[in-house]
Amino acid sequence: MPNSARMTRRICHVLLSIIVSSGVAMAADTLPLPDTISPQAKTVIEFLQSSGLKQLNGPAPDDRAGWKTLHDAQEKALEGPNKAVLDQLGATLRGGIIDSVPVLDIRPKGWADDGRLIVYIHGGGFTLFSAHSMAGLGALVAQAAGMRVISIDYTNPPAVQWDTVQAQISAVLTTIVAQGTPMSRVALFGDSAGGNLVIRAVLNMRDKGQDMPAAVLLFSPWADLSNSGDTAITLHEADPTLSYDGLLANSALAYAGSLDLKDPRVSPLYGDFSKGFPSTLIQEGTRTILLSTSVRTYRALKAAKVDAAIDLYEGMWHVFQGAPAPEAASALASAGDFLRSRMK
């Protein structure tokens, strides 16, 4: 995993580029850092605290042009850092189409096909990022597990809404099975909004009578779009990247359309897990407003007697696994162990 000071500076630079390109004023956050995290993690958080990233405001939920401008600016800013990560890992990328949906085939260095496959649904609040801009994280998980990753490049809202996004994901998964890869050899992985989409995809498959994947890996799943939970309040100031007002609130509305934000079709935390759900690992940090959402998702799975675990990391921020810090390396190693153990 890339862990040099140079990579840390590169990640900080891209975050700064995103902020500047979005016209966000810089703001300082002086909340103290714990002495229980690594120096590398402190370096990243200190930058995030001073960057004003959490003050990023999103366009109105139905402002397609505004969201496209913000989306395109972030895609451009992430090109260089992604290439650096992929080059350092030696991963290869191949674009493709599965049932009219664009996908990205990510293969780790030295990969040998044993029939196992990870399907990745990327995060970004639904409205932002793509399979390409999140390829670095996909490659890190591919390397940790030693498996090929297919990343679904779904259409970002508000160009479409929840039903179309979910239909695209369903089409890809159904076609993968039709092409000869059984769900028993597939894991679904999602971060943030992608974690939401993973949970919903599994519930949709189950309710249609389709086979479910062998495992589910979730990094800080945004499984409840309604800004509920204890840490939405208690960690509001401590979280260095996320603030619900503005970006997340408008992203949620852009995705959900006319649905209530607690409707289980868009907030799968409120779905029914009692009819079955795959073995699941949730990874989360203790310095994010979504910590309670991850805990509540875990509790909902355990209440339904699902084989579920929550893997918590001291002082880490939202989807920290892509950062050059030992905590991220440890989390990725645990994620790889989990996937291999459930996909024998």
Side-chain angles (χ1 to χ4, degrees), residues 1-12 15 33-48 81-82 84-86 88-91 106 108-110 116 118 120 122-123 134-147 149 187-192 194-195 198 215-221 231 235 238-242 279-291 293-295 297-298 307-343:
M1 170 179 180
N3 59 6
S4 66
R6 180 180 301 173
M7 186 61 68
T8 300
R9 289 193 298 271
R10 188 175 286 121
I11 289 172
C12 291
L15 290 171
L33 295 179
D35 60 5
T36 51
I37 62 176
S38 70
Q40 297 94 325
K42 283 186 178 181
T43 297
V44 178
I45 295 178
E46 285 168 354
F47 171 82
L48 295 171
N82 257 308
V85 172
L86 295 167
Q88 186 155 350
L89 293 175
I106 305 172
K109 185 177 182 180
R116 295 184 293 184
I118 301 168
Y120 175 31
H122 70 81
M134 294 300 291
L137 184 60
L140 286 167
V141 171
Q143 181 193 54
M147 300 176 196
V149 168
L188 264 60
F189 159 51
D191 62 293
S192 193
V198 163
V216 167
L217 174 63
L218 305 171
F219 290 175
S220 193
T231 58
L235 295 181
D239 189 319
T241 64
L242 297 182
S279 179
T280 300
L281 175 64
I282 300 170
Q283 289 190 343
E284 185 60 281
T286 65
R287 201 176 179 91
T288 169
I289 58 174
L290 292 186
L291 172 58
T293 298
S294 289
V295 171
T297 301
Y298 166 71
D307 173 27
I310 187 165
D311 188 19
L312 299 176
Y313 290 81
E314 165 71 2
M316 295 298 102
W317 59 97
H318 182 63
V319 191
F320 65 93
Q321 289 89 342
E327 292 91 342
S330 178
L332 288 167
S334 294
D337 289 344
F338 166 75
L339 292 172
R340 288 189 297 273
S341 70
R342 299 308 192 275
M343 301 170 67

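Quick caveat, the model's predicted, so the values are computed rather than measured.
For the pair V44/W317, a side-chain contact is recorded, criterion being any heavy-atom separation below 4.5 Å from C-beta on. Looking at heavy atoms from C-beta onward, H318 lies in side-chain contact with L290 at the 4.5 angstrom threshold. Using a 4.5 Å heavy-atom cutoff, the side chains of D239 and L291 are not in contact. In this structure the side chain of L281 never reaches within 4.5 angstrom of the side chain of I310, judged on heavy atoms.
Under the 3.5 Å distance criterion, the side-chain polar atoms of S192 are left unmatched by any main-chain donor or acceptor of G194. A donor-acceptor pair under 3.5 Å is formed between the side chain of S341 and the backbone N or O of F338. No donor-acceptor pair under 3.5 Å is formed between the side chain of S330 and the backbone N or O of P326. The closest donor-acceptor contact from the side chain of R116 to the backbone of A187 lies at 3.5 Å or more, if one exists at all. A distance-only check finds a donor-acceptor pair linking the side chain of S38 to the backbone of A41 [under 3.5 Å].
With values rounded to the nearest 0.5 angstrom, I106 atom CD1 is found 10.0 Å from M134 atom CE. Between atom CG of residue L218 and atom CG of residue D311 there is a gap of 12.0 Å, rounded to the nearest 0.5 Å. Rounding to the nearest 0.5 Å gives a distance of 8.0 Å between CD of Q321 and CD of E284. For the atom pair T241 OG1 and R287 CZ, the distance stands at 10.5 Å (nearest 0.5 Å). One finds the CD atom of E314 at 7.5 Å from the CD1 atom of I37 (value rounded to the nearest 0.5 Å). Once rounded to the nearest 0.5 Å, the distance linking CG of L235 with OG1 of T286 reads 7.5 Å.
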Just do the side-chain contact (heavy atoms from CB on, under 4.5 Å) check on I45 and F47 with the steps written out, would you? CA-CA 5 Å; I45 295 178; F47 171 82; over 6 Å; no
Let me see the working for L217 and L188 under side-chain contact (heavy atoms from CB on, under 4.5 Å), right down to the final yes or no. CA-CA 6 Å; L217 174 63; L188 264 60; over 6 Å; no
Given side-chain contact (heavy atoms from CB on, under 4.5 Å), test L332 with V141 step by step and report yes or no. CA-CA 7 Å; L332 288 167; V141 171; 4.1 Å; yes
Going through the distances and angles, do E327 and Q40 end up as a side-chain contact (heavy atoms from CB on, under 4.5 Å)? CA-CA 9 Å; E327 292 91 342; Q40 297 94 325; 5.8 Å; no
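At a threshold of 4.0 Å, the pair R342-D307 counts as salt-bridged, since one of the basic side-chain nitrogens sits closer than that to a carboxylate oxygen.
Closest approach of S334 to Y313, counting heavy atoms only: OG-OH, 3.7 Å. Residues L89 and A139 share a closest heavy-atom pair of CD1-CB, 3.7 Å. Considering all non-hydrogen atoms of both residues, F320 and A328 come closest at O-CB, 3.6 Å.
Results of the side-chain contact (heavy atoms from CB on, under 4.5 Å) test with P221 over I282, V198, D191 single out I282 as the only residue that passes.
Using modelled atom types, one finds no donor on one side chain facing an acceptor on the other under 3.5 Å when comparing S220 with Q283.
Aromatic rings from F189 and F219 are positioned such that their centres are separated by under 6.0 Å.
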